[in-house]
Amino acid sequence: MDKHIVADILNEIGFYLEWKGESPFKTRAYENGARAVESLDEDLETLIQENRLGNVRGIGKALEQKISELVTTGHLKYYEDLKAEFPSGLFELLKIPGLGAKKVRALYDTLGITTIGELEYACRENRLVGLPGFGEKTQQNILKGIAHVRTGADRYLLSEAGVMAYSILKKGRNCPQIQSIQIAGSLRRSRETVKDIDILASSDRPKDVMEYFVSLPDVADVTGQGETKTSVRLQGGIAMDLRVVSPEQYPYALQHFTGSREHNTRLRHLAKSMGLKMNEYGLFRGEDGQRVSCADEEEIYQALGMPYIPPELREDTGEVEAALEDRLPKLVESGDLQGIFHMHSRYSDGSDTLMALAEETRRQGYHYMGISDHSRSAYYARGLKEEDVIRQQEEIDKLNAGWDDFHIFRGIESNILPDGSLDYPDDFIDCFDFVIASVHSNFRMDRSSMTNRILKALENPHTTILGHPTGRLLLSRDGYELEMERILEKAAEKEVVIEINANPHRLDLDWRWCKKVREMGIRLIINPDAHSVAEISNTGFGTAVARKGWCERKDILNCLDTAGMKEFLRKRKLDYNRKIL
DNA sequence: GCCGTTTTCGGCCCGACTGTTTTCAGTCG
């Protein structure tokens, strides 16, 4: 059972318990449990089988038992009994911004509302006005909220949100009252999708700054405005929060608003145990309330007895413990990448020539690129027939002869056919320097068939890289069902490299798995999956994923220099030829 | 319901903003 479903059910239980007037700490325990499950970086079923679920922070005996029952049997009696006490639909109402358990209950108790449709009707009939705790404004906001929920756009790709955020940031830098300004929140942590944009600024004149922002043409609607915080919705539909603090408060506020909430909660607990109080305005000594002076985030972490934790790691997945024990990874950086693989040219479905791709890649400071157009069965993408491959390789050889500081590797993105075989016969496929094996068809196989299909591709000695391992498209398509642990074990055994596909719609492998992959000694490669010159810069999103996945330079194959990469690929082919002899 | 160098009971992170209220509950992050 998918962990997101389990988390939803725990949240739903929390909602019912709150409704019933249970202890707020108990309802929070369910919500914390839901978050803990949501952010697991291991397979839930494995954790249960190995009896390790109870070790997860936030999951105690009771939740362990309930989650186990739910996952192993597909049912949870406690939940089903509880749910039966309530009309269906109530939980859906929580999706509307501004509605929580208390207000939903009030709507039900007074007007009998159980669905979003009924709620909308009641608002249009003006029935909410006059209810205790409700008024004209609340009713309007609920209608707006319903409209927004119906658009379905509650999350945005990192790339999309990033573009909008940078545009705002740029304008903010033109505001003379602003001293410092920076993107915070999940965007700064490079989450693959974000719900909103958080911008933090420092100024001695916060009011002017607020006014400057709400008057920007990007702002479609102001949803809240206070002395230090303004909330707006931008033209593109995404919500943005702007916080303004004083220059002295800025480092603390940056740390605070970068989050994650879970990371900050951990830090505040730790601070408390050290006799300190921590909030967005500072780190304060308990005895005299004096601020511990910190010039930047680094000094805040130092004051808490640990080295600086980069934003990408601040997800409460062990980074605080690692920092305290001084075993944080030295994260890979964009400048560490020496070259990029997985590029499509006009030979298949790319829009630029080999020459154009090579020139731009070289211009961006890389020393090599790996061309991998689609293989022959990819009709939809004009996959290469054998004679096309030969033609392309001749062109590559010619181009390579013209450079001494750049190299094009000759590869292919081979479809993994439904039976797990690759797309060209063995005696032909040997002509490539590398092969990226990817699934592009028959996504709806059952878990075990899909796993076996990919395992077979990994067994194939020609497979150098496993491309976009889950096939997910963020916000539109879940990845195919597969047993990732078995895939990874096989990749480790066969020394197959796992791709971090940097296309912002994919970001696949997910960062939550990357940590495990590197612990297993498997190498990852950050690939743009570029179909044009413009998409070469996607690579940066892949680097962000690698950083979120705790990866160091040594974990990433394309940190090898040209000679190292040539040697790596040559050795793999040698090993293969030895095996077939 | 969870958790623990204050450890098996007794706490549980912290603050901003809104809308309704006339001092604060609810929601959000």
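In what follows, every chain begins at residue 1, and chains take the letters A, B, ... in the order their sequences are listed.
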Task: A:Arg35 CZ to B:dC2 P, straight-line distance once rounded to whole Å - done: 15 Å
Open item on the list: Looking at B:dG19, I'd like to know if its phosphate oxygens (OP1 or OP2) sit under 4.0 Å from a side-chain N or O belonging to A:Lys137.
Closed with: yes
- [ ] Identify which nucleotide among B:dT27, B:dG29, B:dA16 has an atom closest to any side-chain atom of A:Lys195, counting heavy atoms from C-beta outward.
- [x] B:dG29
TODO: With the side chain of A:Thr138 defined as its heavy atoms from C-beta on, choose the nearest nucleotide among B:dG1, B:dG19, B:dG15.
DONE: B:dG19
Task: Phosphate OP1/OP2 of B:dT6 contacted by A:Ser273 side-chain N/O (<4.0 Å) - done: no
- [ ] Could you tell me whether A:Pro24 contacts a base, only the sugar-phosphate backbone, or nothing, with contacts defined as non-hydrogen atoms closer than 4.0 Å?
- [x] nothing
TODO: Could you check whether A:Val245 gets within reach of a base, just the sugar-phosphate, or nothing at all, counting any heavy atom under 4.0 Å?
DONE: nothing
TODO: Take the protein atom CD of A:Gln255 and the nucleotide atom P of B:dG15, then report the distance between them rounded to whole Å.
DONE: 14 Å
Open item on the list: Suppose you measure atom C1' in B:dG11 against the same atom in B:dT6; what distance do you get, rounded to whole Å?
Closed with: 10 Å
- [ ] Look at all strands and tell whether A:Phe134 reaches a base, only sugar-phosphate, or nothing, counting heavy atoms closer than 4.0 Å.
- [x] sugar-phosphate
TODO: Name the nucleic acid region contacted by A:Glu136, choosing base, sugar-phosphate or nothing; use a 4.0 angstrom heavy-atom cut-off, strictly under.
DONE: sugar-phosphate
Task: Phosphate OP1/OP2 of B:dG15: any A:Asn279 side-chain N/O under 4.0 Å - done: yes
Task: Quiz item: cation-pi between A:Lys103 and A:Phe134, 6.0 Å / 45° - done: yes
- [ ] Between B:dG15, B:dC12, B:dC17, spot the one nearest the side chain of A:Arg28, thanks.
- [x] B:dC12
- [ ] Mind calculating the distance between NZ (A:Lys61) and P (B:dG1) to the nearest angstrom?
- [x] 13 Å
Open item on the list: Is the phosphate of B:dG19 approached by A:Asn141 (side-chain N or O, under 4.0 Å from OP1 or OP2)?
Closed with: yes
Task: Which residue lies more 5' along DNA chain B, comparing A:His256 with A:Gly60 via nearest heavy atoms - done: A:Gly60
Task: A:Tyr121 atom OH, over 12 foreign heavy atoms within 6.0 Å - done: no
- [ ] Using only side-chain N and O atoms of A:Tyr252, determine if any of them is under 4.0 Å from OP1 or OP2 of B:dG15.
- [x] no
Task: Distance in angstrom units between A:Leu267 CG and B:dC14 P, rounded - done: 13 Å
- [ ] Please work out which of the three classes, parallel, tilted or perpendicular, describes the rings of A:Tyr16 and A:Phe86, given edges at 30° and 60°.
- [x] parallel
Open item on the list: Could you walk me through whether A:Met164 and A:Asp218 satisfy the side-chain contact (heavy atoms from CB on, under 4.5 Å) test, starting with their C-alpha distance in whole Å, then the side-chain angles of each, then the deciding distance to 0.1 Å, before giving a yes or no?
Closed with: CA-CA 9 Å; A:Met164 293 186 265; A:Asp218 313 63; over 6 Å; no
Task: Between B:dT27 (C1') and A:Leu94 (CG): distance, integer Å - done: 11 Å
Open item on the list: Heavy atoms from C-beta onward define the side chain here; which of B:dG1, B:dC12, B:dG15 lies closest to that of A:Lys66?
Closed with: B:dG1
TODO: Please work out if A:Ala271 contacts a base, only the sugar-phosphate, or nothing of the nucleic acid, heavy-atom cut-off 4.0 Å.
DONE: nothing
Task: Distance, rounded to the nearest Å, where A:Arg243 contributes CZ and B:dC14 contributes P - done: 16 Å
TODO: Kindly confirm whether the side-chain ring of A:Phe25 is stacked on the base of B:dC12, judged by centres under 5.5 Å and planes under 30°.
DONE: yes
- [ ] Please tell me which of the listed nucleotides, B:dT18, B:dG26, B:dG1, lies nearest to the side chain of A:Lys102?
- [x] B:dG26
Open item on the list: Testing A:Arg189, A:Arg512, A:His263 one by one against A:Glu315 for a side-chain hydrogen bond (donor to acceptor under 3.5 Å, both in side chains), which residue passes?
Closed with: A:Arg189
Open item on the list: Checking salt bridge (charged side-chain N to carboxylate O under 4.0 Å, His left out) between A:Glu18 and each of A:Lys102, A:Arg28, A:Lys26, which is the one that passes?
Closed with: A:Lys102
Open item on the list: Classify A:Ile59 by what it touches in the nucleic acid, base, sugar-phosphate, or nothing, heavy-atom distance under 4.0 Å.
Closed with: sugar-phosphate
Task: Options B:dC2, B:dT18, B:dG15, nucleotide nearest the side-chain atoms of A:Gln225 - done: B:dT18
Open item on the list: Of the listed nucleotides (B:dT18, B:dA16, B:dG1), which one gets closest to any side-chain atom of A:Lys229?
Closed with: B:dA16
